Amino acid sequence: YRLKYGFDVTDKPIAFTAEGNAKISTAQSKFGGSSLLLDGTGDYLSTTVASGFMASDFTVEMFIRSADLSQISYLWDGHSSGVGTSIYINNNRWLFVKNNGLAGNVAANLTVDTWHHIALVRESGTLSGYVDGTRVGQATSTLTTDMSSHTIAVGGQVDGTSTFNGYIDEFRTSDTARYTGTSVTAP
């Protein structure tokens, strides 16, 4: 499975490894007729990131369509040895973490079986979380670590736990802050 954009800071797409039963499905999609389907039981994608990833400003974004928002479900995990950033859902809330400390706990009004655009942006030391184009939380980011050679997971934690149950489409990472302000136009 190759997502639309990779982690390479030279803007080259990179390959992900499908873990468990992660697969492409044509049953649901936000754009393009297919999306990643994860069933919440050990399915996720993994890869190792290139040099320079998350060393400064960045954006991690995706569209999600969840079948269950009541469980702890990681949408993206970039932790390694206590360093990194993650995005996860818990009890119908979207949360993002940095350096293993909670950075944001956002009551985002997510609903099951509905496509939502999720974005985490780091700009000049501030993490901002966006849901459907609205900034729903901010926190100071002290993360300055180059994530070179770290494993990254989409749809679960890097160890294969807390996996997402639903669809993910149009996942993209960027080495720039794509969204700023309180309200933006989601793709």
Side-chain angles (χ1 to χ4, degrees), residues 1-14 16 30-31 35-36 38 44-66 73-80 83-90 93-106 108 110 115-148 150-158 162-164 166-180 184-187:
Y1 183 68
R2 188 178 76 94
L3 294 174
K4 303 250 188 266
Y5 295 89
F7 293 96
D8 190 319
V9 295
T10 61
D11 292 329
K12 294 179 184 173
I14 62 168
F16 284 81
K30 181 65 179 174
F31 302 108
S35 62
L36 173 65
L38 306 169
Y44 65 104
L45 302 180
S46 66
T47 193
T48 302
V49 296
S51 177
F53 182 66
M54 292 181 71
S56 60
D57 292 353
F58 65 86
T59 302
V60 176
E61 64 183 311
M62 69 198 82
F63 283 90
I64 65 165
R65 184 181 176 104
S66 181
S73 302
Y74 276 70
L75 302 174
W76 176 75
D77 187 23
H79 274 96
S80 179
V83 176
T85 304
S86 301
I87 304 169
Y88 68 98
I89 297 169
N90 185 15
R93 293 177 181 262
W94 176 64
L95 300 97
F96 51 97
V97 296
K98 62 179 174 79
N99 293 349
N100 285 339
L102 184 63
N105 179 347
V106 180
L110 299 175
W115 284 104
H116 293 285
H117 180 255
I118 303 290
L120 179 63
V121 179
R122 181 177 189 262
E123 179 186 32
S124 301
T126 299
L127 284 173
S128 296
Y130 292 87
V131 175
D132 297 329
T134 300
R135 185 173 62 206
V136 293
Q138 282 190 305
T140 301
S141 172
T142 58
L143 178 66
T144 57
T145 304
D146 184 340
M147 295 286 289
S148 300
H150 284 205
T151 298
I152 299 295
V154 176
Q157 287 187 281
V158 295
S162 301
T163 53
F164 179 70
Y167 298 89
I168 297 176
D169 202 1
E170 300 300 315
F171 179 87
R172 174 171 69 174
T173 64
S174 308
D175 61 354
T176 185
R178 289 191 174 270
Y179 307 110
T180 60
V184 300
T185 301

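Below, all heavy atoms of this structure are taken into account, side chains as well, without hydrogens, waters or symmetry copies. Just so you know, these numbers come straight off a predicted model, no measurement behind them. One-based numbering along the sequence shown.
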Task: Steps toward side chain to side chain contact (heavy atoms under 4.5 Å, CB included) verdict (Phe58, Asp175) - done: CA-CA 4 Å; Phe58 65 86; Asp175 61 354; 5.7 Å; no
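- Residues passing the side chain to side chain donor-acceptor pair (under 3.5 Å) test with Ser128 are Gln138, sequence neighbours excluded.
- Proximity of Pro187 to His117: side-chain heavy atoms (C-beta onward) are separated by under 4.5 Å at one or more points.
- The minimum heavy-atom distance linking Glu170 with Phe31 is given by the pair CG-CD1, 3.5 Å.
- Scanning for salt bridge (Lys or Arg N to Asp or Glu O under 4.0 Å) contacts around Glu61 gives Arg172, with sequence neighbours left out.
- Residues that satisfy the side-chain contact (heavy atoms from CB on, under 4.5 Å) test with Ser162, not counting sequence neighbours, are Ile72, Tyr74, Gln157.
- We find the CZ-CD distance between Arg178 and Glu123 to be 13.5 Å, quoted to the nearest 0.5 Å.
- Phe16 and Phe171 have perpendicular rings, their planes meeting at more than 60° on a 0 to 90° scale where under 30° would count as parallel.
- Side-chain N/O atoms of Ser86 and Asp77 include a donor and acceptor closer than 3.5 Å.
- To the nearest 0.5 Å, atoms CG (Leu75) and CZ (Phe63) are separated by 13.5 Å.
- For the side-chain contact (heavy atoms from CB on, under 4.5 Å) with Met62, the qualifying choice from Leu36, Leu120, Ile168 is Ile168, the only one to do so.
- When all heavy atoms of Gly133 and Ala186 are compared, the pair lying nearest together is N-CB, 4.2 Å.
- Partner of Ile64 under the side-chain contact (heavy atoms from CB on, under 4.5 Å) criterion, out of Ile87, Asp169, Ile89: Ile89 alone.
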- [ ] Determine, step by step, whether Leu38 and Thr163 satisfy the side chain to side chain contact (heavy atoms under 4.5 Å, CB included) criterion, reporting the C-alpha distance in whole Å, the side-chain angles of both residues, the deciding distance to 0.1 Å, and the verdict.
- [x] CA-CA 8 Å; Leu38 306 169; Thr163 53; over 6 Å; no
- [ ] Please step through side chain to side chain contact (heavy atoms under 4.5 Å, CB included) for the pair Thr173 and Ile152, ending with a clear verdict.
- [x] CA-CA 11 Å; Thr173 64; Ile152 299 295; over 6 Å; no
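- The distance from the CG atom of Asp132 to the CH2 atom of Trp115 is 12.0 Å, given to the nearest 0.5 Å.
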Open item on the list: The test is side chain to side chain contact (heavy atoms under 4.5 Å, CB included); show your working for Asp57 and Thr176 and say whether it passes.
Closed with: CA-CA 5 Å; Asp57 292 353; Thr176 185; 5.6 Å; no
